[in-house]
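Lettering follows sequence order; numbering is per chain, from 1. Note that the structure is predicted; figures quoted are calculated from it, not measured.
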Amino acid sequence: MTLELEGISHRYGTETAVDGVSFGVASGELVALLGPSGCGKTTIVQAIAGHVHPTAGRIRLRGQEVTDAPPEARHVGLVFQRSTLYPHMTVEENVAYGLAARDVGRDSREAVVSEYLGLVAIEEQRDAYPSSLSGGQTRRAELARALAPQPDVLLLDEPLSALDRALRERLRDEIARIQRETGVTTLFVTHDQAEAMALADRLVVMSDGTVSGIGEPRALYESPPTPFVASFLGRSNTFPATVIGSDPPMVDVGGGTVRLPRMDGRRSPGDRITCHVRPAALSVRSADAGTAADESEPSLCGEVVRVTDVGRHYDVTVRAEVGAELIVEHTGAPPVVGDRIVVALPERGLTVFGG
Amino acid sequence: MSHPEAVSGGRPIRAPELLVPAALGGVLLVYFALPFAAFLTRTGTANVVSGLSTPQAREAIGNSLLTAPVSTAIAAVFGVPLAYVLARRSFPGKRLVEALVILPLVVPPVVGGAMLLTAVGRFTPIGSVAVALGVPLTDSLLGVVLAQTFVAAPFVVITARAGFGSVDERLEQASRSLGYGPLSTFRNVSLPLARGSILAGVTLTFARAIGEFGATMMLAYNPRTMPTRLWIDFIAGGIDATVPIALALLGVTATVLTSIQRFGRFPSVIER
């Protein structure tokens, strides 16, 4: 692991910002640190960069412990949400600034600057001052400045959050390309799950100062380890169920029996549990037609309470008899509010949380 | 929806939005300008050149031109770091420190001078040691510097602090992460970006120091500086006798102000 965090905790006064966070980033990997604002992401970044000294825990860069080292002794590239280009220096001087500190000779400095300005495609702005750059050029110049000294780790703290949507998506692809071309180990901090899923090799999802889930984006999306991960990575339906047996794992949902692909933890028959399923994994059919066709298919009965046209599909909200509201993504002709309806549950898309 | 009758009642006249504040401000401006104009009309009646060529006047000018820059330099050397700490850190008792910085500004200079006398006067522990060492802290150029620094130094602390406060701390963090220690970061990033405010503070400090009268009177009536000389000329010869020194004082202050502003390339002392 190029970057390792072990049990990082930090308090600001009596306020606990981060509590026992551990994860690693492998060489060349792009990991997204994802969570809502105020969950402690920025404190983690500040701790890795050395601008915050964590109350507890250890940080290792390339196997060397750096927890007590000052920022300048760590090889970490940093890009913040707001521009930190130096307004009294040109783009070239900004990029060369970090090279001068790392003892890159004056002659080779210019070549390195050219190389990185080329990488981020802003050679023409070389002699411009930051105040004359557009939002996208500013981001590119900052990436060049952070990358030029060839840091062990590149930390991007919400680098796209202040930009408008179109520019954000274009730069997201640019960051992916630049990361691929340089192979720099990257920790990308964001509160935007789509951005994180699109960019990252792995996700670290945080909530309330703790890690809520770590894994590949698709795996976390499809079988989230916690209700928080389930709801933060996308829309999530939850409904209550009762355990019937654990081998094979079977649950009772509103009178029907569902066999689950897996069920973590020890559970005994009679335990009340919460099931989670994505709206896209559900389908609806009319209650009177074909109810008898397949009795074995797990399903929930309910009444349509709302139908919303969101363009690509309809969001059909169903109040199920088990006492939960489910949202179903439905294409084709939508049911009508008040219809009695059957929601089919896919076995593969169900995840179970305790309690 | 507007009521048609309200519009048809008379042609609406669009008054300039800033008319009232501009008129009020204008009163103050007139009040500022009037004494200047009145005083300058006096200059014709007095012989400025001969007034300035007396040994007493030349001594006073020399003393002021020596002490005010020294006081300003002392204020900057100790005040700018203090301003930086105040802008960057919160710590227990910070309110108290801030109050202490303001104190010389709100205490009348004469009272400040009296307080300085009780601290470094000839018969105090500090003062007597200094006298024994041959560097008396009262009635000496050193005393003038002490009085000027006490009264004028808050200006550079307050303005520089505002300047450092407006520099985003992340610019410094970026510099540290690019491989620079705290001192190089201060020199490369914080100082250049706060330069305008620091120069404004230095300018204000100098202007205050060279014109310092109250505390200087208490602590070092001798040797004379331009303001204390001016007072003696006034007592002896009335208002016309003060014209040469007063003009010289104005001239020096204006010259230093404009050259610092030109050299520092910032638009205005207040603006920013």
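For chain B, the nearby part of A:L85 is the backbone; its heavy atoms alone come within less than 4.5 Å. Of the atoms belonging to A:R145, heavy atoms from both backbone and side chain fall under 4.5 Å from chain B. With a 4.5 Å cut-off on non-hydrogen atoms, A:A100 touches chain B through its backbone and its side chain both.
In plain terms, the two heavy atoms of A:P70 and B:R176 that are nearest each other are CB-NH2, 3.8 Å. Closest approach of A:R102 to B:S177, counting heavy atoms only: NH2-O, 3.4 Å. Across every non-hydrogen atom of A:Y86 and B:S175, the tightest pair is OH-N, 2.9 Å.
Under a cut-off of 6.0 angstrom, the local environment of CG in A:D164 is crowded, with over 12 non-hydrogen atoms contributed by other residues, nucleotides or ligands. Atom CZ of A:R177 has more than 12 neighbouring heavy atoms from other residues, nucleotides or ligands inside a 6.0 Å radius. More than 12 heavy atoms of other residues, nucleotides or ligands shown are found within 6.0 angstrom of CG on B:L24. Other residues, nucleotides and ligands contribute at most 12 non-hydrogen atoms within 6.0 Å of the CZ atom of B:F78. Environment of CG in B:L183: sparse, with no more than 12 heavy atoms of neighbouring residues, nucleotides or ligands closer than 6.0 Å. Within 6.0 Å of the CD atom in A:E123, the count of heavy atoms belonging to other residues, nucleotides or ligands exceeds 12. Shown here is A:E15, whose CD atom has no more than 12 heavy atoms of other residues, nucleotides or ligands within 6.0 Å. Within 6.0 Å of the CZ atom in A:R11, the count of heavy atoms belonging to other residues, nucleotides or ligands does not exceed 12.
In this structure the side chain of A:Y97 reaches within 4.5 angstrom of the side chain of B:N188, judged on heavy atoms. Between A:S83 and B:D168, every side-chain heavy-atom pair lies at or beyond the 4.5 Å cut-off. Residues A:Q46 and B:Q173 have side chains in contact (heavy-atom distance under 4.5 Å, counting atoms from C-beta outward). A 4.5 Å side-chain heavy-atom check between B:P192 and A:M89 finds every atom pair outside the cut-off.
Rounded to the nearest 0.5 Å, atoms CD (A:Q81) and CZ (B:R170) are 8.0 Å apart.
In terms of heavy-atom pairs under 4.5 Å with chain A, the best-connected choice from B:P182, B:G179, B:S184 is B:G179.
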